[in-house]
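Let me begin by presenting the structure, written as structure tokens, before commenting on it.
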Amino acid sequence: MQEHKYRWKSKKLREHVAVIDGQIAPSCVLTNATYLNVHLKVWLQANIWIYEDRIVYVGDNLPENTVGTEMTDCSSLYLVPGYIEPHVHPFQLYNPLSFAQYASKSGTTTFVNDNLMLILQMTKKKAFSFIEEMNKTAATMYWWCRFDAQTEINQEDAIFSTTNMKDWLNHPSVIQGGELTAWPKLMAGDDLLLQWVQDAKARNKPVEGHFPGASEKTLTKMKLLGIDSDHESMSGADVEKRIRQGYTAALRYSSIRPDLPVILEELEKSGIHYYDQTFFTTDGSTPSFYEQGVIDRTLAIAIEKGVPLVEAYRMASLNVAKHFQMEDLHGSIATGRIANINFLTGKDKPVPVAVLSKGHWIKKDNIPVRDAYAEMNWKEIGLPPLEMDWDLTIDDLQFSMAMGLEMMNEVIIKPYSITCDVSGDSLSMNHDQCFLMLVDRAGKWRINTIIKGFGSTLHGFASSYSNTGDIVLIGKNKQDMIKAFQHMKAIGGGMVLVEEGEVISEIPLPLGGGMSDAAMEDLITQETSLRNTLFARGYSYNDPIYTLLFLSSTHLPYIRITPRGIYDVMNKTVLFPSIMR
């Protein structure tokens, strides 16, 4: 097994000890600090010495050598460990860096990231180079190793091969296997998946499940097969069921599952001690959901619902570190830990007025530090704008399928019999059925059908943001759909809404066609505008961005549009194959 990525070399360790001996001055000393000792579960007073990115001392003493040391009086503040987000989908229009920049200002400084976009859209070499570039930032980023594509793609066996899975699991920044959306295959006897689970466990890396609505029997079987945690609890009873089986249960507050308040109310009423086996997650919400914060927001909800303060902060820090066997680096303000510290004006006020991440100030005196994060050359690290050397024509927009996709909510889709005339170049604005096409980003194949429930007066919409990175087109008017595609192509990828030949709303996504390079604050404004525009045109659910993402995601019932064609999830069959262009 490779060494963990955050390993100080022997020379650096000697320097840390030399700080204690007074031979080297600490970089920073936090004096008169009231801090939460998450191990003793009490608030203590201490002076905290930091050398570069590491806490080297916590106690009563002050250093003998303070030449060049930044001395910060913390007598009016309360210090807690930096918050950890254990389940991040860092490609939800934002990118891993822009999300980290935004989240760290409110105290979330460590992230455990999904690698799905990397494994599907980059070579392994480029993906690993990308991870190393993220390691150089002020945030602390770790990654998953996905075992499945979460959809039906061509050449899946080559992408998710044993060689690739072992290389990912061996990477020192990868700290878990999963999330395991293909658990039905594991249950049905897929020994290759089981081997990868065992490979992760052999490297002391936990495996995360994906078990919405799972029965006690299913949870028992998955635990026997090696799964350690699950983030799909939708009630207090779901959490208790998982804890009883020995799982760590994530308590979720996300844009499509904002269950945390109800879960906490039910757990507090139940009287069970759930604090040690749980932590918080926002599960890759869409940008506008984060206007009020990230893990700091879940903490505020927990405190409001009666979770004891110390337990709430442990759930946002130490519990995550212990689950990933990283408590020697994260989750506490203690000797040897990475210097991720939040400074609060009150014990019950989780939004920090100052933030240290890897020993660097992210925010100070309630003002974000301008140069905390360096600029990134995205093209050099494998995320250039989307380039397509092919064009969409009216001949591609031929719709003759009798079966369509009907939305039951943002993400659940059932088959239905198409009731409108689809032979013309436009559909009536008096119903909620739209043309739907998924087309290969390389222009090799397409699949055409009708979607019901996405909008009633939507003229033309194109998106290069999707689960597979292929192009989604939706609308009533074929010419406006083509125009939306052309504009999306011209801006290097994005989401584009066209009406009567004019672009009326867009979100540029120049990083590989799937991510914005804008600051989160600007992206939130763009996404809010697009959402409102879609709502006004008949989208009747809460989160159209997740609808676009999950159109091809086969871990959800009942029917999906995938690169292989229209796919029946329950029967695991392709109903209508994609067509070569």
Side-chain angles (χ1 to χ4, degrees), residues 28-50 53 55 58-59 70-86 100-111 138-140 251 253 260 264 275 279-282 290-321 330-335 337-369 372:
C28 173
V29 175
L30 310 175
T31 62
N32 307 309
T34 299
Y35 79 100
L36 176 60
N37 187 304
V38 292
H39 301 287
L40 296 174
K41 298 188 179 183
V42 294
W43 298 86
L44 299 175
Q45 285 196 327
N47 299 309
I48 301 167
W49 308 3
I50 296 167
D53 58 354
I55 299 171
V58 180
E70 179 184 10
M71 306 294 289
T72 301
D73 181 18
C74 300
S75 55
S76 63
L77 300 169
Y78 300 90
L79 279 58
V80 296
Y83 311 141
I84 306 173
E85 176 37 289
Q101 287 176 302
Y102 180 80
S104 62
K105 286 183 273 190
S106 59
T108 305
T109 50
T110 301
F111 309 86
T140 308
L251 308 185
Y253 188 63
L260 181 62
L264 291 173
Y275 309 124
F279 44 62
F280 305 115
T281 183
T282 59
Y290 288 117
E291 279 193 280
Q292 297 179 42
V294 187
I295 296 300
D296 59 302
R297 187 179 184 188
T298 67
L299 273 166
I301 293 170
I303 293 167
E304 178 187 340
K305 296 301 179 182
V307 178
L309 278 175
V310 171
E311 300 293 355
Y313 287 116
R314 281 168 56 96
M315 290 160 69
S317 55
L318 182 65
N319 287 11
V320 186
H330 293 287
S332 62
I333 298 174
T335 300
R337 275 57 173 189
I338 298 169
N340 295 343
I341 301 174
N342 292 333
F343 300 72
L344 317 178
T345 57
K347 294 178 181 178
D348 61 347
K349 297 178 180 179
V351 181
V353 294
V355 177
L356 274 176
S357 182
K358 293 183 181 175
H360 296 284
W361 292 107
I362 300 298
K363 183 165 73 171
K364 197 171 185 182
D365 299 325
N366 219 19
I367 300 173
V369 176

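The two residues Ala103 and Val294 come nearest to each other via the heavy atoms CB-CG2, 3.7 Å. Closest heavy-atom contact between Ala100 and Ala139: CB-CB, 3.7 Å. Heavy-atom minimum distance, Ala33 versus Leu79: CB-CD2, 3.9 Å. In this structure, Asp296 and Thr108 approach most closely via the heavy-atom pair N-OG1, 4.3 Å. Minimum interatomic distance between Ala138 and Ala372 (heavy atoms only, all atoms of both residues): CB-O, 3.6 Å. Closest heavy-atom contact between Ala312 and Ala302: CB-CB, 4.4 Å.
Between the side chain of Lys363 and the backbone N or O of Lys105 there is at least one donor-acceptor pair closer than 3.5 Å. Between the side chain of Gln292 and the main chain of Arg297, no donor-acceptor pair closer than 3.5 Å is present. The backbone N or O of Pro350 sits less than 3.5 Å from a side-chain atom of Tyr83, completing a donor-acceptor pair. Side-chain atoms of Lys347 never come within 3.5 Å of backbone atoms of Tyr78 as a donor-acceptor pair (strictly under, hydrogens ignored). Arg314 places no side-chain N or O within 3.5 Å of a backbone atom of Asn319 that could act as its donor or acceptor partner. The backbone N or O of Ala354 sits nowhere less than 3.5 Å from a side-chain atom of Asn366 that would complete a donor-acceptor pair.
Contact annotation: the side chain of Phe343 approaches that of Leu30 to within less than 4.5 Å [non-hydrogen atoms, C-beta and beyond]. Between Leu356 and Trp361 the shortest side-chain heavy-atom distance falls below 4.5 Å. Between Leu36 and Ile333 the shortest side-chain heavy-atom distance does not fall below 4.5 Å. Side-chain contact between Val369 and His360 is absent, with no heavy-atom pair separated by less than 4.5 Å. Put simply, the side chain of Val320 does not reach to within 4.5 Å of the side chain of His330, judged on heavy atoms. Side-chain contact check for Ser317 versus Val80: every heavy-atom pair is 4.5 Å or farther apart.
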Can you list the steps and then say if Leu344 with Tyr313 is a side chain to side chain contact (heavy atoms under 4.5 Å, CB included)? CA-CA 12 Å; Leu344 317 178; Tyr313 287 116; 3.3 Å; yes

Begin from the C-alpha positions of Thr282 and Thr298 and carry the test side chain to side chain contact (heavy atoms under 4.5 Å, CB included) through to its verdict. CA-CA 8 Å; Thr282 59; Thr298 67; 4.1 Å; yes

Show, in sequence, the C-alpha distance, side-chain angles and deciding distance for Ile303 and Leu309, and conclude whether the side chain to side chain contact (heavy atoms under 4.5 Å, CB included) test is met. CA-CA 6 Å; Ile303 293 167; Leu309 278 175; 3.6 Å; yes

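Lys364 meets the salt bridge (charged side-chain N to carboxylate O under 4.0 Å, His left out) test with Glu70; sequence neighbours excluded. Residues satisfying the side-chain hydrogen bond (donor to acceptor under 3.5 Å, both in side chains) criterion with Thr110, sequence neighbours excluded, are Asn340. With sequence neighbours excluded, the residues satisfying salt bridge (charged side-chain N to carboxylate O under 4.0 Å, His left out) with Lys305 are Glu265. When the ring-ring contact (aromatic ring centres under 6.0 Å, His included) test is applied to Tyr102, no partner is found at least two apart in sequence or on another chain. Residues forming a side-chain contact (heavy atoms from CB on, under 4.5 Å) with Asn37 (at least two apart in sequence, or on another chain): Tyr35, His39, Leu40, Leu44.
Rounding to the nearest 0.5 Å places CD1 of Ile341 at 8.0 Å from SG of Cys74. Taken from CD1 in Ile338 to CD1 in Ile55, the straight-line distance is 9.5 Å, to the nearest 0.5 Å. Going from atom OG of Ser357 over to atom CD of Gln101 covers 11.5 Å, rounded to the nearest 0.5 Å. Atom-to-atom distance recorded for Asn342:CG and Ser104:OG is 9.5 Å, nearest 0.5 angstrom. In this structure, Thr109 OG1 and Ile84 CD1 are separated by 7.5 Å, a value rounded to the nearest 0.5 Å. Separating the CD1 atom in Ile301 from the CG atom in Leu264 is a distance of 8.0 Å, to the nearest 0.5 Å.
Only one option out of Thr72, Asn47, Asp73 pairs with Asn32 in a side-chain hydrogen bond (donor to acceptor under 3.5 Å, both in side chains); it is Asp73.
Counting only residues at least two apart or on different chains, the salt bridge (charged side-chain N to carboxylate O under 4.0 Å, His left out) pairs with a member in residues 32-46 are Lys41-Glu311.
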